[in-house]
Amino acid sequence: QVQLVESGGGLVQAGGSLRLSCKASGRAFSVYAMGWFRQAPGKEREFVAAISWTGGSPNYADSVKGRFTMSRDNYKNTVYLQMNSLKPDDTAVYYCAADSSMSFQASYWGQGTQVTVSS
């Protein structure tokens, strides 16, 4: 298992950028698929991006393609989400997840970090 802690959230204006980080504890970080999810007030949690345990090309939700970029650094036990051209609709709590597969149906979750985009 791993423990996950997100950071990097904050308040930005529309069109701005943020980079979220998710730091993992545990020596087995590299064997987990990693994902980013978000949840806005009154809405269900939704998928944002994911990357396999071997790296490669991340998968993205249609709503963030071309604006968000996910990456992982196994040497630092950290996964990132670079968010550009932010919109008010991106406002949510962003969660990092780790899973033994890409399904994320039985994931380990971080505590979340708040992202607020003003117009």
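Grouping the Ile, Leu, Val, Met, Phe, Trp and Tyr side chains by contacts below 4.5 angstrom, directly or via other members, places V64 with L86.
The closest side-chain heavy-atom distance from D99 to Y32 is not below 4.5 Å.
Between the side chain of S119 and the main chain of P88, no donor-acceptor pair closer than 3.5 Å is present. In this structure, the side chain of R38 does not engage the main chain of T91 through any donor-acceptor pair within 3.5 Å.
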Given the rule in the side chain to side chain contact (heavy atoms under 4.5 Å, CB included) test, do V12 and T116 qualify, once you have shown the distances and angles that lead to the verdict?
-> CA-CA 6 Å; V12 298; T116 302; over 6 Å; no
Residues F104, F37; criterion side chain to side chain contact (heavy atoms under 4.5 Å, CB included); working and verdict = CA-CA 10 Å; F104 295 97; F37 296 76; 3.8 Å; yes
Evaluate side chain to side chain contact (heavy atoms under 4.5 Å, CB included) for M70 paired with M34, printing each intermediate quantity in order.
-> CA-CA 10 Å; M70 184 179 182; M34 302 296 297; 4.0 Å; yes
Let me see the working for W109 and C96 under side chain to side chain contact (heavy atoms under 4.5 Å, CB included), right down to the final yes or no.
-> CA-CA 6 Å; W109 297 90; C96 178; over 6 Å; no
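Checked against the 6.0 Å centroid criterion, the rings of F47 and Y60 do not qualify as a close aromatic pair.
Each of E6, Q39, M83 was compared with Y94 under the side-chain contact (heavy atoms from CB on, under 4.5 Å) criterion, and only M83 meets it.
Remark: T69 pairs with no residue by the side-chain hydrogen bond (donor to acceptor under 3.5 Å, both in side chains) rule, at least two apart or across chains. Shown here are the side-chain contact (heavy atoms from CB on, under 4.5 Å) partners of D73, two or more places apart in sequence or in another chain: Y75, K76, Y80.
Ionic pairing of D90 and K87 is not present here: no N-O contact between side-chain nitrogen and carboxylate oxygen is shorter than 4.0 angstrom.
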